[in-house]
Amino acid sequence: MRKVKQNDRKAMIRVSDLVTHYGERKILDGLDLTVFEGEILVIMGGSGSGKSTLLNHLLGLLTPTSGTIELLGMDFTHASAGNKQLLRRYMGMAFQNGALFSSMTLAENIQLPMREHTNLPQSTMDILTQMKLEVVNLGGFENLMPSELSGGMIKRAALARAIALDPELLFFDEPSAGLDPIVAAELDQLILRLRDGLQMTMVVVTHELDSAFTIADRIVVLDKGKIVFNGSVEAIRECPHETVVALINRQPQEQNQADSDAFIERLLN
Amino acid sequence: MHTPDYRYYVESYLMNPLIAIEHIGRTVVKGIEELGFATVLLVQAVFWIFVGSFKKQPVRVSAVFLQMMQIGVAAVPIVAILSFAVGIMLAIQGIHTLRVFGAERQVVYGIALSVVREFGPLITGILVAGRTGSALAARIGTMRVSQEVDALKVMGINPVRYLVSPVLVAMLIMLPSLTFLANLAGLFGGAVFSVAELGMSFTAYADRCYSILTTDDLAQGLIKSLVFAVIIALVGVTNGFRVTGGAEGVGRSTTRSVVLSISFIVIADMIFTYFLNR
C-alpha cells in the first residue's frame, strides 16, 4: 500500500526523478513533482527553464532519459500502447495556439475525441457538443471554421475540445498568452469554474503573473531543469530565491556574469 | 535558411578533399535516415490498415472516401485532358515517322501500346504527384507546425493511422483507376487525329486497338501505377512529418516532395519497365 499523502488527497500525477535530454543537452534534471486531486498547479519559469518540456513529458509526447511519470496511479512512462491509449481518454490538453484541426468545423473538432473513444450516436454527440460549447461561452458557433474565430475564441474552443470526454486531468499551455487583459481574465474565471464545477485536476503552464496568482492553488517555479520553488501563492511572495524574486518582480536576471574564460573559448572555437 | 555558398564549398574542397568526403558522408547518412523513416511509416500505415479495428483504432471508411474524392475524382478532368493531348501528340509523331516507310496505318500499333504500357501510368503518376504529393506534404507539415499532430497524439489517435493509412488506401485504389481513364482518353486522342488524318473509321481504329492490346499490356501499366501510388503517398507524408522551421519549412517540404516523387516515379518506371519486359 502506498503511504497516505498529506490531507488524504489522492495523487493524480506523480513525477519521480525525471531526467531528460534534448540531444546532448540536459533539460530536466532529477525532477520530483506531485499533483493532487482537484488542485490547479501552475508551472512557471523563464524561457528555456524546461517548463514546456515537462508538459510534453506529462502528455507522453516525449520519452524521458530516466525517471517515471505516474498518471492516475498508473506508470505512464512504461505503459503499453494499449494502456497509454486508455489513460489518454482521461486526459485533456488545450494547446497554446489551440491546435484546432483547421479542416473541421468547431463541432467536428469537439466530436473527434468522442468519435474515437466512444460509440455514442451522432445525436448524443451533437447535444454533448452544444453543452461543451455553452460551458466555454461559445454556444451557437458550432458550424464555424477555426479560421473564422478570434484569438480568445480559439483558446476557449481548444478548452471545449479538451473537456469533450470530461477528463480527470486537464493540461493548459499558456492560457492567457496573446490575449487582451479582459479576455485573459475571463479565461481565468472559466478555468476556476471548470475546476469547481467538474472537479478536474489541472496543470497550467504560464508566465503571466496575474493569471497565475488568480488561478493557482500551488505554484511550481522551474529554473535550469530543477524546481526552485513549490508552494502557495502567499508563499511565493516571501520566497528569497533569486530566480523566484526576479520572476515575480519582473527583474531581468544578469546573465553570463563575467565568465571570461568561457567567453574566450567560445570566441576561439 | 541561408543559401549555401557554393564558392566556399568548392574552395574548401580543393584545399582539403576530406571536407568533400565528409560532406558526401553526411548527405548519405541523412538520405538513409530518411529512407528508414519512410519505411517505418509505410510499415505502420499498412499495420493500421489491417490491425486497426482490433485495437479500437480503425481506419475510417469515410476518411478513405474523402481522400479518394480529393486524390482521384477531383483529378479526373485534368488527367483526361492531358492524356487526350498526349494521344494526339503520339498520333502526329507516329504518322510523321511511319510515312517514311509508307506505313501510316500501322500508327495504331504505336499509339495503343505506348499509351497503355507507358504514357497512361506515367502521365497520371506525374499529375497526381504534382497535385496530391504537394498537398499531402503541405497539409501534414502545417498540422505539425500548428501542433495539430501533437493534439492527435494527446487524444490517443495515432497520427499514422489517422493521416497516412487513409491516403495510402485511397492512392492504391484511385491511381490505377485514373490510369485506366488516362488509357481511354489517350487512345481516344490518338483516334481523333488518326481518323482526321488518315481517313480511317472510328470502328476500324477501335477494332485495331482491341486486337493489338493484350491483358499483359494493360496489367503492366496498372502494376506500375500501384508502385507510383506508394511512392507519391510515402514521399508526401515523409516530407510532411519532417517539416521543421514554420511556414517556410512547409514551403520547402512541399517543393521537395513534388520534385522527389516525380523523380522517383520516372526512375521506378524505368526499372519496372525493364524487369516487366524480360
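Sequence lines set the chain letters: A, B, ... in the order given, protein chains first and strands last, and positions in each chain run from 1.
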With chain B, which of [options] has the greatest number of heavy-atom pairs at distances under 4.5 Å?
options                             : answer
A:Leu61, A:Leu86, A:Asn97, A:Leu165 : A:Leu61
A:Gly60, A:Ala81, A:Ala99           : A:Ala99
A:Ser102, A:Gly82, A:Ser103         : A:Ser102

Would you compute the distance between atom [atom1] of [X] and atom [atom2] of [Y] and round it to the nearest 0.5 angstrom?
X        : Y        : atom1 : atom2 : answer
B:Glu148 : A:Phe95  : CD    : CZ    : 10.0 Å
B:Arg161 : A:Glu116 : CZ    : CD    : 4.0 Å
A:Leu59  : B:Asp150 : CG    : CG    : 8.5 Å

Relative to chain B, which segment of [X] carries a heavy atom at a distance below 4.5 Å: side chain, backbone, both, or neither?
X        : result
A:Gln85  : side chain
A:Arg115 : backbone
A:Leu100 : backbone

Can you tell me if [atom1] on [X] sees more than 12 non-hydrogen neighbours from other groups inside 6.0 Å?
X       : atom1 : result
A:Phe76 : CZ    : yes
A:Tyr22 : OH    : no
B:Phe47 : CZ    : yes

Atom group of [X] that falls short of 4.5 Å from chain A, counting heavy atoms:
X        : value
B:Met155 : both
B:Arg144 : neither
B:Arg139 : neither

